[in-house]
Each structure stands twice: as structure tokens, then as C-alpha cells.
Amino acid sequence: MGCKLGSQVGYCVRFDDRTGPDTRIKYMTDGMLLREALLDPLLQRYKVVILDEAHERTVATDVLLGLLKAAAAGRPEGDLRLVVMSATLDTQKLTAYFQGSQAAYIAGRQYPVQVMYTPAPEESYVDAAITTALQIHCEEGPGDVLVFLTGQDEIEACERLLTDRAASLPPDPARLSLCVLPLYAALPPEAQLRVFERAAPGSRRVVLATNIAETSVTVPGVRFVVDSGMVKARAYSPRLGADCLQVVPVSQAQARQRSGRAGREGPGKAFRLYTEAAFAKLAPSTAPEILRTNLSSVVLQLKALGVRDVLGFDFLDPPPAPALVRSLELLLALGALTREGDLAHPIGTSLARLPVDPMFGRVLMASAELGCSEEALAVIAMASTDPVFQFPREKREEAAAAHARFASREGDHLTALAVFQRFVAQPRKQAAAWCREGFLNARSLAKARDIHAQLRGHFQALGLRLASCGDDATPLRQALVMGLFSHAARRQPGGTYRVLATGQDVALHPSSALARAGGARSGVPAVDAVVFGELVRTTRTYARDVTAIDINWLPQLVPNFFARAAAAGG
DNA sequence: CTCTCCCT
């Protein structure tokens with residue numbers, strides 16, 4: 001457009017707003033537009049909204065679809081124009097949803113990709129992936145190989161096996177050398193950058209990636225894709241109140257997306273490590289995120305947007321009623337909604353403005369009253385970012401020793417507070433080295449620092465009191481109880497913990513500072529009662545981000561909820 | 001006895 005960024009054309013993402021009073025075209029994330037809608041539900045300042053990548057069906061995109069439909073109906077005819085762009089979305093479904101809309105098709109720019117299947121099912125997709133990558137390396141022409149796997153552990157194991165097997169190939173001077181590279185989100189930035197450097201002359205790269213390489217990261221030089229057919233996916237169980245993280249088969253749309261990665265620079269080949277019959281049985285597309293996530297934030301946002309009947313909201317794909325009801329119940333218990341289901345003042349209105357989970361927002365509000373908001377802001381910022389402790393396979397003992405410096409007997413929130421405080425005390429120039437030596441994820445900590453600053457700003461704008469509790473963690477643990485009470489659990493004779501609200505038995509996550517207490521060699525007694533940040537179901541159901549509490553605080557601090565839970569036999 | 005990926 002020939003103008004300066006941030007003048008007529010700008011962009012806006014969290015922590016980075018490059019727009020100004022003259023901006024006519026604004027690029028923004030779906031989440032940012034949703035935040036703006038809270039202040040302006042009819043989106044009056046926009047004439048045209050283009051919703052790109054709609055096929056990704058993020059929660060924000062799905063809520064926006066409903067919101068934009070309502071905004072168009074609430075504004076004069078033709079006043080708001082909407083363009084929904086999608087690589088794979090079912091157009092009939094969408095044109096039926098937006099009455100009077102039209103579908104237009106635009107051909108993609110892509111080289112042909114030849115898709116191959118295995119003749120019979122594979123026993124192990126990891127073994128098959130290694131064998132296939134080596135076969136490509138020995139038999140195919142030049143071009144890098146992109147292998148889709150499910151997670152960090154699997155990629156690290158595969159990396160070692162593939163390197164070993166490549167080294168033991170019979171020597172062949174005509175063959176390229178092989179360079180194996182991992183790629184996943186938690187990888188340090190400098191390691192991630194290596195996938196953007198093209199292969200050295202005489203060598204071929206094999207990139208072992210999670211689904212980060214499906215859309216977020218484009219690896220240059222790829223002509224061959226190996227698709228394991230599996231993905232690690234999250235699904236929320238409203239019954240358990242837990243996120244289940246499981247390895248599941250990909251959808252057909254996802255398999256096509258993966259294969260397409262071989263055809264960006266020239267004709268390519270995709271090797272699917274499953275049979276054609278198995279492909280035919282896969283789900284056509286991945287279920288939208290709104291059908292498999294905790295909805296408490298979504299429900300609160302809708303209430304703040306003035307939607308009274310959340311169960312009747314016109315979703316493109318309505319979430320299951322029990323999931324919505326459970327969120328309404330939690331918001332009522334937090335004091336965010338009235339008994340009539342309306343947004344309550346000031347708790348509901350404040351929680352809707354804080355860009356964190358409503359339970360975390362409630363912790364912050366309680367901390368203002370209990371005189372520990374400086375600490376709570378840091379704790380909630382840490383709880384809202386990716387895990388900061390790193391455990392490289394080779395240096396596990398060394399990492400554990402480094403992490404032990406921060407460990408608190410009172411649990412993970414206080415441990416996180418200690419890490420955060422030490423991190424922000426580092427001079428900027430030394431922070432990276434300090435993180436590396438301490439086996440801490442610098443990216444996560446930098447994000448926690450940004451979230452902390454943002455939350456602090458919101459906190460003050462809401463008129464909440466900033467105060468420190470110093471070395472006395474009791475008020476902070478009580479503030480955690482006032483937000484996380486639905487995640488309170490009590491120790492059982494076998495050593496598991498029973499969630500009081502649901503009666504479900506869970507284990508402390510092995511990464512927890514409290515998981516080692518109570519063991520024969522720990523010398524520290526196990527704690528009787530805890531609250532936790534979240535439940536994750538992998539091999540077992542684990543409570544993560546756990547803090548020791550006094551069981552007597554529950555009826556004192558949250559009398560309404562615990563009178564009910566006790567009556568229900570919890 | 002452990003953490004797919006986005007995003008406010």
C-alpha cells in the first residue's frame with residue numbers, strides 16, 4: 001500500500017498494537033476482535049470484517065461467527081459486510097448459517113502431491129516413520145523430509161533412533177548426508193530457527209515435527225511428507241472437569257493439510273503410514289475446539305456481550321448443553337452471575353474484563369481484599385503461561401537440582417512465584433543465560449512477565465488494591481482457595497486426592513513440588529488438603545499447579561459452595 | 001512418574 005505500518009494499515013495482537021487514528025485496514029487476531037466486541041457488541045467501527053482461516057475453528061472464531069451474525073442483524077441492512085475465508089470449511093453449512101450469503105471458490109496455489117498409503121496397517125508408526133524416512137533418503141531425489149509425530153518425547157526418541165540407523169547404512173558415496181532436526185513449540189528459539197536454514201550442499205534434512213508444522217511453521221525445502229496419522233489432541237470432559245490429552249487419529253482434512261506441505265516448492269510426495277481404507281474411515285474434519293474445551297470463559301464473555309440465553313445462542317456448532325450448564329454453575333459459584341443468570345457487579349463485570357480464566361480472575365479479586373495482590377498477579381501470570389521447568393532427557397538430574405532451588409513446601413504456585421521474582425530481578429542481558437543454566441523456558445517466562453504487566457494494568461483500571469503480603473504466604477493461599485475452591489481435594493488413605501466437588505480421585509502431577517512429599521525418603525509429610533490449577537488426563541488423571549491449604553478454610557472462605565458440596569456427600 | 005497447538 002506504500003504507507004507506513006501503523007498509519008492507514010496496521011495490526012493488533014496481544015502485547016503489540018500497531019494501529020493509529022488514521023488506520024483504515026486493521027489486521028488482528030480473532031481473540032482481539034472478540035475483546036473489542038465486549039466494548040462494542042455491534043462492532044460499529046467496522047464496515048467490513050474478513051474472517052480468515054475460519055476452517056481452524058478456534059473458540060474465538062466460533063464465538064465471532066455468532067456475534068457477527070447478530071451484529072449484522074442488529075445494524076441497518078448492508079451496513080456490515082462479512083467475508084468468511086476457509087480452506088476446507090463446509091460451504092453448504094456456512095451459507096445455510098448466514099442466510100443470503102454466497103460461496104465463491106478460489107483455486108489454491110499448490111504443486112501436485114502424490115499420496116501413498118501402506119498396503120497393510122503398521123504395528124508402530126514410530127518404527128514405520130523411521131524406516132520410511134530412510135527409504136526416501138536412499139531412493140528418492142533431492143528435497144527435505146517432514147515427518148509428523150505427536151509430541152516432544154516421541155520426537156526426541158525418534159531423533160536418536162533415526163540418527164543411529166542412518167549412521168549404520170552401508171556406505172554409498174553418491175548418497176547425501178542426513179541431518180535430523182526436531183521441531184516442537186517448547187523447543188528453544190535458537191533450535192527452532194535451524195529449520196529455516198536450508199540444507200547444506202550435499203545433505204538432506206529430515207524434520208521431525210508436531211502439528212506445529214501443519215500451519216504455524218512452514219519448513220522450507222520440503223518435498224516429502226511422512227504422516228504418522230496420529231496427533232496429540234486435547235478434549236475437555238465436563239463430567240471430570242479435566243482436559244484429556246490423548247494421542248488420536250488425525251482427520252481427513254488434517255491428513256490433507258499435512259500432505260500439502262510437500263507441494264509448496266515443487267511437486268511432492270506424501271507417505272501416509274496407514275492404509276487407504278483406514279483413511280476412508282477417518283473423521284472428515286477435526287471437531288471444532290468449542291466442542292472440546294472448558295467453556296467458562298466463553299459463557300462469561302457471552303454474558304458480558306449481553307447474551308442472556310447462552311444455551312439458545314446461535315452457534316454454528318452448539319456445544320453440548322451439559323458443558324454449558326456446568327460453566328454456568330461454576331460462574332454462579334464464583335459470584336460472577338446472579339441467581340437469575342445475569343452478570344453480577346462487580347465480580348462478573350470485572351472477571352469478564354480480565355484476560356484470564358474466570359477462576360484465576362477470582363483469585364486476583366480476592367487477593368485485593370486479602371492484601372496479597374502483588375504476589376497473586378505474579379502467580380496468575382505464571383499459571384497462564386506454558387510450563388517453565390525444562391527436563392532435557394540427557395540432563396534430567398542436573399535440571400531437577402537446578403529447579404529444587406525454587407521449590408516451596410507450600411506448593412507449585414509459591415514455587416512459581418519464587419521463579420518469577422528471581423527472573424524479573426535479573427538484568428535483561430543476563431536473563432537468557434540465567435534461564436539456560438536453571439533449565440527454565442525463557443520464552444514462557446518472558447510471556448509471564450508480559451501477562452503480569454497487562455494484568456497489573458487491568459487490575460488498577462478496575463480500581464483493585466495493590467498490596468504485598470511479604471513473606472507470609474497465608475493470605476495468598478487463601479486467595480487461591482477463593483478462586484480455585486471447585487478444585488479443592490483431600491488426601492485419601494492410598495495417597496490419592498479426592499476432588500471434593502466431584503468425588504473424583506486424582507493423583508498429583510509428577511512435576512508438582514508436592515508430589516515428592518509423603519514419600520518414604522522425602523522426610524516431608526504429605527499435605528492433607530490442596531487446591532489445584534487444572535486436571536490433565538494422560539496415563540492417569542493428574543492435578544497440576546497444586547497448593548497446600550488448610551481444610552478449615554473451605555467452609556470459612558466459600559461457605560455457599562461447601563454447604564452444598566457437603567450436603568451432596570462430597 | 002510428566003507437557004499437541006493456538007490465544008485474550
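Order of the sequence lines sets the chain letters (A, B, ...), proteins ahead of strands, with each chain counted from 1.
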Checking all strands, does [X] fall into the base, sugar-phosphate, or nothing category for heavy-atom contacts under 4.0 angstrom?
X        : result
A:Ile212 : sugar-phosphate
A:Val13  : sugar-phosphate
A:Ser297 : nothing
A:Thr210 : sugar-phosphate
A:Glu214 : nothing
A:Thr538 : sugar-phosphate
A:Ala185 : sugar-phosphate
A:Thr215 : nothing

Just checking, any donor-acceptor pair under 3.5 angstrom between side chains of [X] and [Y]?
X        : Y        : answer
A:Thr58  : A:Asp30  : yes
A:Gln192 : A:Tyr184 : no
A:Tyr497 : A:Gln504 : no

Next item on the list: Just do the ring-ring contact (aromatic ring centres under 6.0 Å, His included) check on A:Phe532 and A:His509 with the steps written out, would you?
Entry: CA-CA 10 Å; A:Phe532 56 84; A:His509 195 276; over 10 Å; no
Notebook entry, point to check: Starting at the 5' end of DNA chain B and moving along, which residue's nearest nucleotide shows up first, A:Asp30 or A:Arg537?
Noted result: A:Arg537
Notebook entry, point to check: Between A:Gln301 and A:Asn211, who's closer to the 5' end of DNA chain B by nearest nucleotide?
Noted result: A:Asn211
Note to self: Of all nucleotides in DNA chain B that come within under 4.0 Å of a heavy atom of chain A, which is furthest toward the 5' end and which toward the 3' end?
What the structure shows: B:dC1 to B:dT8
Item checked: With sequence neighbours excluded, residues passing side chain to side chain donor-acceptor pair (under 3.5 Å) with A:Tyr274 -> A:Asp227
Notebook entry, point to check: Less than 4.5 Å apart, any side-chain heavy atom of A:Met85 and any of A:Glu53?
Noted result: no
